[in-house]
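The next block holds one structure in the form of structure tokens; read it before the comments.
Numbers for residues simply follow the sequence, beginning at 1. Heavy-atom basis, side chains included; hydrogens, waters and symmetry copies ignored. In each ligand, atom 1 is the first atom listed, and ligand 1 is the first ligand listed.
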Amino acid sequence: MNIILLGPPGAGKGTQARKLVDERNMVQLSTGDMLRAARTSGTAMGKMVAAVMDRGDLVTDEIVIGLIREQLESDEGKGGYIFDGFPRTLAQADALGNLLIEMGENLDCVIEMQVDDDALVDRITARATCADCGEVYNDNTKPIPADGKCTNCGSSKIQRRADDNEESLRTRLMAYYKQTSPLIGYYYAKGDLKSVDGLASMDDVAASIAKALG
Ligand code: ADP
Ligand code: ZN
């Protein structure tokens with residue numbers, strides 16, 4: 001089964017993707033994580049996208065489609081793919097459709113995670129992530145442990161993202177509404193769309209997604 005998690009920044013796509021990886025043995029493909037990894041390892045591409053990402057704008061379709069293509073060609077897909085943060089434009093959606101056809105695969109479901117904008121601002125400005133394992137912390141609901149060590153992997157590299165500030169978030173929200181939200185209509189028309197309430201508790205959101213996946 002191959003699915004897309006669609007929703008604005010802070011909707012909880014990464015959190016739910018990680019649950020699906022654990023529970024269903026699926027493979028998470030997050031273009032945001034791939035781009036951040038390219039930055040950390042200091043590749044030419046990583047350097048090129050850094051300023052764009054920090055500002056909150058979208059990286060070019062060519063770059064992210066290339067990243068996804070590379071992963072699809074190298075991975076085995078096990079229990080299927082979860083596309084997290086990709087596609088974000090209609091051109092990316094078309095490219096993904098073609099890549100899946102080339103591989104003889106289907107897109108089974110697009111889950112739209114609905115959340116209101118005020119909640120997004122609160123969530124994102126309170127967010128921190130473990131650089132080593134991806135565990136997500138939140139100042140209000142799941143604070144960073146007093147000893148600064150990740151509860152999941154013990155790493156002391158719990159960090160805030162450079163783009164998790166109010167100004168960049170505003171740009172990311174604008175990019176979402178202008179460039180990504182048209183995908184909701186696109187997948188609805190194709191009959192692939194299921195919407196869930198992203199404001200419910202983490203477990204309730206997971207339950208709604210499980211129900212949508214059948
Ligand atoms: P969030 O969903 O919280 O905004 P992501 O980790 O998915 O975070 O993405 C972080 C940034 O990486 C985006 O703001 C954008 O600059 C870039 N990015 C990630 N995925 C894509 C994509 N599919 N197309 C273009 N840019 C992307
Ligand atoms: Zn960790």
Side-chain angles (χ1 to χ4, degrees), residues 4-18 22 28-40 45-46 48-72 81-96 99 110-113 115 117 119-138 142 144-145 147-183 198:
I4 294 172
L5 295 181
L6 186 63
K13 301 182 295 285
T15 303
Q16 294 300 327
R18 287 166 53 75
D22 290 344
Q28 176 187 10
L29 295 184
S30 158
T31 42
D33 287 349
M34 293 174 206
L35 291 166
R36 278 185 290 278
R39 291 179 63 169
T40 308
M45 185 269 279
M48 199 160 85
V49 299
V52 176
M53 291 177 74
D54 288 350
R55 206 163 60 226
D57 284 322
L58 294 188
V59 168
T60 64
D61 289 335
E62 196 186 350
I63 288 177
V64 292
I65 292 167
L67 286 170
I68 287 285
R69 175 188 290 279
E70 241 170 64
Q71 288 298 314
L72 291 179
Y81 292 104
I82 306 157
F83 297 95
D84 159 14
F86 178 92
R88 259 175 156 94
T89 63
L90 289 166
Q92 291 176 23
D94 281 334
L96 177 61
L99 281 170
V110 178
I111 307 267
E112 182 212 354
M113 301 181 65
V115 273
D117 297 349
L120 296 176
V121 178
D122 288 347
R123 276 188 184 183
I124 285 200
T125 49
R127 173 164 84 171
T129 313
C130 172
D132 285 324
C133 77
E135 188 75 4
V136 180
Y137 295 86
N138 180 292
K142 188 181 169 189
I144 299 169
D147 65 0
K149 292 212 164 72
C150 176
T151 47
N152 186 51
C153 78
S155 162
S156 43
K157 279 194 263 164
I158 300 179
Q159 299 169 343
R160 295 196 192 266
R161 273 169 45 176
D163 60 347
D164 276 352
N165 61 72
E166 264 197 79
E167 202 190 329
S168 169
L169 177 57
R170 238 182 288 281
T171 309
R172 282 152 71 197
L173 273 178
M174 196 61 85
Y176 178 76
Y177 287 113
K178 260 174 94 168
Q179 294 168 275
T180 308
S181 67
L183 299 187

With Arg55 via side-chain contact (heavy atoms from CB on, under 4.5 Å) - residues at least two apart: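 Listed in chain order: Val52, Asp57.
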Which residues share a side-chain contact (heavy atoms from CB on, under 4.5 Å) with Thr15, sequence neighbours left out: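 Result, side-chain contact (heavy atoms from CB on, under 4.5 Å) vs Thr15: Val136, Met202.
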Donor-acceptor contact below 3.5 Å, side chain [X] vs main chain [Y]:
X: Ser155; Y: Lys157; value: yes
X: Arg123; Y: Gly10; value: yes
X: Thr171; Y: Gly56; value: no
X: Gln92; Y: Arg88; value: yes
X: Arg172; Y: Asp163; value: yes

Under 3.5 Å: N/O of Gly85 near N/O of ligand 1: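 Min N/O separation from ligand 1 is below 3.5 Å for Gly85.
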Ser30 N/O under 3.5 Å from ligand 1 N/O: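 No; every N/O pair is 3.5 Å or more apart.
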Give me the residue, atom name and distance of the protein heavy atom closest to [atom].
atom: atom 11 (C) of ligand 1; result: Met53 CE, 3.9 Å
atom: atom 25 (C) of ligand 1; result: Val59 O, 3.2 Å
atom: atom 20 (N) of ligand 1; result: Thr31 OG1, 2.7 Å
atom: atom 18 (N) of ligand 1; result: Leu35 CD1, 3.4 Å
atom: atom 24 (N) of ligand 1; result: Gln92 NE2, 3.0 Å
atom: atom 8 (O) of ligand 1; result: Arg161 NH2, 3.0 Å
atom: atom 14 (O) of ligand 1; result: Arg172 CG, 3.7 Å
atom: atom 13 (C) of ligand 1; result: Arg88 NH2, 3.9 Å

Pair Asp54 + Arg161, salt bridge at N-O below 4.0 Å: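 Looking at Arg161 together with Asp54, the answer is no, because their closest N to O distance does not fall below 4.0 Å.
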Charged N-O contact under 4.0 Å between Arg127 and Asp122: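 Salt bridge absent between Arg127 and Asp122.
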Protein N, O or S atoms under 2.8 Å from the Zn ion (ligand 2):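 Protein N, O or S neighbours of the Zn ion (ligand 2) under 2.8 Å, waters not counted, come to 4.
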Set of salt bridge (charged side-chain N to carboxylate O under 4.0 Å, His left out) partners for Lys142, sequence neighbours left out: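 With sequence neighbours excluded, Lys142 shows a salt bridge (charged side-chain N to carboxylate O under 4.0 Å, His left out) to Glu135, given in chain and number order.
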Side chain to side chain contact (heavy atoms under 4.5 Å, CB included) between Thr31 and Phe83, worked out: CA-CA 8 Å; Thr31 42; Phe83 297 95; over 6 Å; no
Contact check, Lys13 vs ligand 1, heavy-atom distance below 4.0 Å: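 Distance cut 4.0 Å: Lys13 passes for ligand 1.
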Enumerated ligand 1 atoms positioned under 4.0 Å from heavy atoms of Gly32: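 Heavy-atom distances to Gly32 below 4.0 Å select 5 (P), 6 (O), 9 (O), 19 (C), 20 (N).
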Per-atom contacts of ligand 1 with Arg127, taking only distances under 4.0 Å to non-hydrogen atoms: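 Heavy-atom distances to Arg127 below 4.0 Å select 3 (O).
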Flag for Asp117-Tyr177: side-chain donor and acceptor within less than 3.5 Å: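 The criterion, which ignores hydrogens and geometry beyond distance, is satisfied for Asp117 and Tyr177.
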Within reach of ligand 1, part of Val64 (heavy-atom separation under 4.0 Å):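 The part of Val64 near ligand 1 is the side chain, not the backbone.
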For ligand 1, the portion of Asp57 having any non-hydrogen atom under 4.0 Å away: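 Contact part for Asp57 vs ligand 1: backbone (N, CA, C, O).
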Minimum-distance pair of heavy atoms, taken over all atoms of Pro8 and Met113: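 Between these two residues, the closest heavy atoms are CD-O, 3.8 Å.
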